[in-house]
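Along the sequence shown, residues carry numbers from 1. Computed from a prediction, not measured in an experiment: that's the story for all the values here. Whatever order the structure lists them in is the order used to number ligands and atoms, beginning at 1. All values below were derived from every heavy atom in this structure, side-chain atoms included, with hydrogens, water molecules and symmetry-related copies excluded.
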Amino acid sequence: MIKKILITGVTGQDGSNMVDYLLKNTEHHIIGTVRILSNANHENIKHNINNERFSLLYMDLLDEESIKNTIKKVQPDYFINFAAQSFVGESWNQPKLTFMTNAISLISILECIKDIKPTCRFYSAGSSEEFGDVETMPQNLNHPLKPRSPYGASKCAARHIVKVYRESYNLFAIHCILFNHEGIRRGKNFVTRKITLNLARIKHEIENNAIPTPFQLGNIYARRDWSDSEDFVEGVWLMLNQKKAKEYILSSNKDNSVKDFIDLSCKFLNLKAKWFIDKNNPLNTKLLLHNIPIITISKEFYRPAEVDILRGDCYETYKELNWRPSSTFQQLVKKMVDHDYKLLYNNYNIKKSEYLNKIVQLETKINVMLSELNDLKNLNIN
Ligand code: NAP
Ligand code: GDD
């Protein structure tokens, strides 16, 4: 039977990947919600805009009326909530907005589902940031909640409220704790995409004989459990179609440092860069290419409280869903680096071809003038 799937956050990474996955692998109708902006940011979904199984509605998680109106209108069979203020670093600066968007809004959604469409299956995107200051390695569902950021705290609150509604009203409400997942649609402020875009830019600068412009990072020793978002959306869809709703973990069961991510990106771009490590003063550490700094370290990108390491234990989920992520950390880094190198290719090559055209035009002008000069010289004016 054809179902109606409501997805929030479709302009973001996971939402747009989920739309692609469901259009490809199911026959269901997908209703994506976007918030009203002066300039729409539909880059990640523009290829699906004319698909008759995909439509868009305005809805803002901060406006309970808009949630109620949307659920009444759509009567969804599934409500997949990817929308969030998802940037941990910004959550210290906008703690209330983060909490309202990521936690309080869930009460509105769950109340509306309970009152309007109680059979609707609901997905809440939890986070490994809930574990924060970790006590044991790797982390599973039994690990205590020890968030280190307003963002992490908001996701802990989301987890509790989903549990309360699942148990009190027998709603099919899942909360899944996802470890970091990335890809070619990753927002440009997250560390992985910041690295692949900047190193791809630097590679182009070098190929065009320009001096590379360095970029700045914060704590390069933080370790994360990184997977591919395109793998995870499949896991999310599988858990939404199990018999019982419960909590899950999605991870790769491996961790790498930000520095490992940089080293691998350089390898795939064939950038022979070398670290200058200052153990006494991390702010003095830099990555050098032929002695020119391409990455420097700045206090600006350190957080008031850091999560040093995260590594998930996902074996239960692998067993329960009979599923595994298909790509490795190495494949993920390569995919992002290759994508960003190609993405910037046009910028540089259009510039380069404009520059070469200009030279040809000037040479032609000079040749015409030289030939006129010669003609003049050859005139016999006596
Ligand atoms: P993302 O790329 O930042 O996308 C977030 C989406 O939420 C965007 O479409 C954004 O819309 C939308 N949004 C923000 N505020 C909203 C509001 N008030 N009303 C309606 N929509 C709003 O995030 P993501 O990486 O896809 O992550 C998806 C979910 O998984 C989030 O809940 C995130 O916290 C969680 N998560 C992500 C990871 C990860 O590594 N990616 C790991 C654990 C958990 P605009 O385009 O208009 O800004
Ligand atoms: N963003 C950013 N920018 N992070 C940096 C930088 C920098 O310049 N330099 C170092 N880092 C470090 C951060 O301090 C952090 O330890 C690590 O890189 C990863 O940062 P992000 O890519 O911003 O992701 P995150 O781990 O904080 O949060 C992501 O994963 C969570 C799950 O663990 C987000 O997707 C969250 O929404 C998600 O819940």
So which of [options] gets nearest to [atom], if we judge by its closest heavy atom?
atom                    : options                : result
atom 35 (O) of ligand 2 : K155, R186, K259       : R186
atom 11 (N) of ligand 2 : I177, V191, I297       : V191
atom 7 (C) of ligand 2  : E182, K194, R224, E129 : K194
atom 16 (O) of ligand 2 : Q216, R148, E306, R303 : E306

Starting from [atom], which protein heavy atom do you reach first, and at what distance in Å?
atom                    : answer
atom 37 (O) of ligand 2 : S86 O, 2.6 Å
atom 24 (O) of ligand 2 : N180 ND2, 3.7 Å
atom 38 (C) of ligand 2 : Y151 OH, 3.5 Å
atom 12 (C) of ligand 2 : N219 O, 3.8 Å
atom 28 (O) of ligand 2 : V88 CG2, 3.4 Å

For [X], the ligand 2 atoms whose distance to one of its heavy atoms is below 4.0 Å:
X    : value
S128 : 32 (C), 33 (O)
G218 : 6 (C), 8 (O), 9 (N), 10 (C)
A222 : 16 (O)
V258 : 18 (O)

Measuring from non-hydrogen atoms of F87 to any atom of ligand 2, is the shortest distance under 4.0 Å?
yes

Is the distance between the ring centroids of F268 and Y341 under 6.0 Å?
no

Ring centres of W226 and F179 under 6.0 Å apart?
no

Indicate, as side chain, backbone, both or neither, the part of L217 found under 4.0 angstrom from ligand 2 when only non-hydrogen atoms are considered.
both

Does NZ or CZ of R193 come closer than 6.0 Å to the centre of the six-membered ring of F190, within 45° of the ring's axis?
no

Please say whether L178 places an N or O atom under 3.5 Å from an N or O atom belonging to ligand 2.
no

Return yes or no for this condition: an N or O of N189 is under 3.5 Å from an N or O of ligand 2.
yes

All N/O donor-acceptor pairs, side-chain side in residues 86-100, below 3.5 Å, sequence neighbours left out:
{"unit_1": "E90", "atom_1": "OE2", "unit_2": "N93", "atom_2": "ND2", "d": "2.8"}
{"unit_1": "E90", "atom_1": "OE2", "unit_2": "Q94", "atom_2": "NE2", "d": "2.9"}
{"unit_1": "S91", "atom_1": "OG", "unit_2": "V88", "atom_2": "O", "d": "2.7"}
{"unit_1": "S91", "atom_1": "OG", "unit_2": "Y151", "atom_2": "N", "d": "3.1"}
{"unit_1": "T98", "atom_1": "OG1", "unit_2": "Q85", "atom_2": "NE2", "d": "3.1"}
{"unit_1": "T98", "atom_1": "OG1", "unit_2": "Q94", "atom_2": "O", "d": "2.7"}

Check: residues 24-38 side-chain donor-acceptor pairs under 3.5 Å, at least two apart:
{"unit_1": "N25", "atom_1": "ND2", "unit_2": "Y21", "atom_2": "O", "d": "2.9"}
{"unit_1": "T26", "atom_1": "OG1", "unit_2": "L22", "atom_2": "O", "d": "2.7"}
{"unit_1": "T26", "atom_1": "OG1", "unit_2": "H28", "atom_2": "N", "d": "3.3"}
{"unit_1": "H28", "atom_1": "ND1", "unit_2": "K3", "atom_2": "N", "d": "2.9"}

Do the charged groups of D340 and K194 touch, with an N to O distance under 4.0 Å?
no

Hey, does L332 have a side-chain heavy atom less than 4.5 Å from the side chain of S227?
no

Taking only heavy atoms of the protein into account, state which residues are under 4.0 angstrom from an atom of ligand 1, in chain and number order.
G9, T11, G12, Q13, D14, R35, L37, N41, M59, D60, L61, L62, F82, A83, A84, S86, T101, A125, G126, S127, Y151, K155, L178, F179, N180, H181, R186

I'd like a table of donor-acceptor pairs (distance under 3.5 Å, sequence neighbours excluded) in which one partner is a side-chain atom from residues 295-302, with atom names and distances.
{"unit_1": "S298", "atom_1": "OG", "unit_2": "E300", "atom_2": "N", "d": "3.0"}

The single option from K335, K334, R185, R324 that satisfies salt bridge (charged side-chain N to carboxylate O under 4.0 Å, His left out) with D228 is K335

